[in-house]
Amino acid sequence: MERVILHSDLNNFYASVECLYRPKIRNCPVAVCGDPSARHGIVLAKNYLAKSTGIKTGEAIWQAVQKCPNLVVVPPNFPLYLKYSRLVRKIYSHYTDQIEPFGLDESWLDVTGSSIYGTGERIANEIRERVKAELGVTVSIGVSWNKIFAKLGSDMKKPDATTIINHDNYQQVVWPLPAGDLLYVGKATQKKLYNRSISTIGDIANAKPQYLRAFLGKWGEFLWVFANGYDESPVTRMGTEAIIKSIGNSSTTPRDLKNDTDVSIVLYALCESVSMRLREQGLKCTTVEIYVRDNELFSITRQQKQQRATDLSSEIHDAAMAIFKANYSWVKPIRTIGVRGYGLISANNSIQLSFFDNEEQRLKLEHLESTIDDIRRRFGNLSLQRAVMLSDRELGKLNPKDDHIIHPVGYF
């Protein structure tokens, strides 16, 4: 039996939800943007009225306002978007339990075994009507026999549309599209393809996979598989969590960091967020990594394996600070810094105790940080802070645990 795969993409999701809750701005050009005072002032999402003026996701707010002087700028409300994302998936779950999220606003659905509800096209149309009637937002859906073409279909007609890509029409519908429309063809890859006269998805499909691999590596063969519709990757079942490879936070700071004290304050904010998220997942990290970008946008990434797996913010901070001091010479001030825990293992794993560590003190620290987690969950992430955070009000108000933007998981 041939698979029936849907890809559902909520139209202008963040902006649509904001307009739903703010009736006065529904007929205005709207952009959901980061906080310019925290130097996060870019467009995260926009509605169709804003899009019609040429505003693009990722551009600076000032650029967007130049294009559209009457633009309504609103801050993001991620808890609200999460709520709607869950409500939409609840509708999907009426038709299948094979639901694979790809970010907050996109999901693949395998409805191969859902013929009781009709064809893939009928199910897609019914989902669109239900989302619109029950939640007040719209969705575009692609229907195909594989995940790649289903995603292409959802991108082709917007808003509130169903696009069918099947064996009879895919060469006419998919192959003429620009190579950059294919999943995992970014600007750099598109340029490499274009330099070899490969400008469409059809050109990728008709190239020899060995030739693509010669200048794109293994991704060349993946793109050839995608372009020909040979992708057989399954849609995961709802509730099946992807393996977490790392947990991290980064921040473009309110002002440039100029010395080790500035860095230490920001690292405490980041490390406390990372450690709390590790504990929420029941994990510990065995490797700490830092990311540093200076005010001229030159960046470095460095990591160090730990002697012992940890979820303690103080240990992660000390490791991050040691990596920083060993690798940054303060030629330029710092604009962005990040911390990530790698090599994750279960917090319940057995460990080798050391004669040289104070295990009783360590247990007290673990209990203390768990108690702090409970307080922050009840009263907010800034309700309890280290004293050093209060020494610089501007840097001390960083809240990476609540402020981090949610990105899609990788396709693989």
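Along the sequence shown, residues carry numbers from 1.
Looking at heavy atoms from C-beta onward, Pro79 lies in side-chain contact with Asn77 at the 4.5 angstrom threshold. Ile55 has its side chain within reach of Cys68: a pair of non-hydrogen atoms, C-beta onward, lies under 4.5 Å apart. Contact check for Ile5 versus Asn146: no side-chain heavy atoms found under the 4.5 Å cut-off. Under the 4.5 Å side-chain criterion, counting only non-hydrogen atoms from C-beta, Asn70 is in contact with Pro29. Between Leu152 and Leu177 the shortest side-chain heavy-atom distance falls below 4.5 Å. The closest side-chain heavy-atom distance from Leu344 to Leu278 is below 4.5 Å. A 4.5 Å side-chain heavy-atom check between Asp318 and Ile316 finds every atom pair outside the cut-off.
When only modelled atom types and interatomic distance are considered, Lys46 and Thr57 share a side-chain donor-acceptor pair under 3.5 Å. In this structure, a donor-acceptor pair under 3.5 Å is present between the side chains of Arg293 and Thr336.
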Step-by-step side-chain hydrogen bond (donor to acceptor under 3.5 Å, both in side chains) determination, Ser85 to Arg89: CA-CA 6 Å; Ser85 183; Arg89 288 174 196 164; 3.2 Å; yes
Verdict with reasoning, Phe226 to Trp224, per ring-ring contact (aromatic ring centres under 6.0 Å, His included): CA-CA 5 Å; Phe226 289 174; Trp224 181 83; over 10 Å; no
Stepwise side-chain hydrogen bond (donor to acceptor under 3.5 Å, both in side chains) check, Tyr92 with Ser8: CA-CA 9 Å; Tyr92 300 159; Ser8 176; 2.5 Å; yes
Residue pair Asn249, Ser273: steps toward the side-chain hydrogen bond (donor to acceptor under 3.5 Å, both in side chains) verdict: CA-CA 7 Å; Asn249 278 98; Ser273 174; 2.7 Å; yes
Criterion side-chain hydrogen bond (donor to acceptor under 3.5 Å, both in side chains) on Thr371 and Asp374, from CA distance to verdict: CA-CA 5 Å; Thr371 303; Asp374 292 337; 5.4 Å; no
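Electrostatic pairing of Lys147 and Asp231 does not count as a salt bridge here, judged by no charged N lying under 4.0 Å from a carboxylate O. A salt bridge is defined here as a Lys NZ or Arg NE, NH1 or NH2 lying under 4.0 Å from an Asp or Glu carboxylate O, and Glu394 with Arg255 meets this definition.
Nearest heavy-atom pair across Asp294 and Lys332 is OD2-CD, 3.6 Å. Residues Thr53 and Lys67 come closest through the heavy atom pair O-CB, 3.8 Å. Closest approach of Val339 and Leu267 over heavy atoms only: CG2-CD2, 3.3 Å. Between Tyr184 and Thr189, the shortest heavy-atom contact is O-OG1, 4.3 Å. Taking both residues in full, the closest heavy atoms of Val137 and Leu10 are given as CG2-CD2, 4.0 Å, listed atom of the first, atom of the second, then distance.
Here the rule is salt bridge (Lys or Arg N to Asp or Glu O under 4.0 Å) with Arg279, and of Glu369, Glu272, Glu366 only Glu369 fits it. The salt bridge (Lys or Arg N to Asp or Glu O under 4.0 Å) test with Glu315 is passed by exactly one of Lys284, Arg362, Arg308: Arg362. Ile334 pairs in a side chain to side chain contact (heavy atoms under 4.5 Å, CB included) with only one of the listed residues (Asp256, Asp262, Val263), which is Val263. The side-chain hydrogen bond (donor to acceptor under 3.5 Å, both in side chains) test with Asn125 is passed by exactly one of Arg122, Arg128, Glu129: Arg128.
For Phe215, the ring-ring contact (aromatic ring centres under 6.0 Å, His included) partners are Tyr211, not counting sequence neighbours. For Tyr48, there are no ring-ring contact (aromatic ring centres under 6.0 Å, His included) partners, not counting sequence neighbours.
Taking the six-membered ring where tryptophan is involved, the planes of Phe222 and Trp219 are tilted, since the angle between them lies from 30° to 60°. Ring geometry for Tyr21 against Tyr84 counts as perpendicular: the plane angle is over 60°, on a 0 to 90° scale with 30° as the lower cut. Tyr268 and His317 have parallel rings, their planes meeting at less than 30° on a 0 to 90° scale where 60° marks the start of perpendicular.
With values rounded to the nearest 0.5 angstrom, Ser199 atom OG is found 9.5 Å from Leu193 atom CG.
Side chain of Arg340 to main chain of Ser246: no donor-acceptor pair is present (N/O by atom type, distance under 3.5 Å, no hydrogens or angles). Judged by distance alone, with hydrogens and angles left aside, the side-chain atoms of Asp110 form no donor-acceptor pair with the main-chain N or O of Thr236 at under 3.5 Å. At distances below 3.5 Å, at least one donor-acceptor pair connects side-chain atoms of Trp145 with backbone N or O atoms of Gly229. With hydrogens and angles ignored, the 3.5 Å screen pairs a side-chain donor or acceptor of Arg376 with a backbone N or O of Leu384.
Between Tyr117 and His94, the ring centre distance stays below 6.0 Å.
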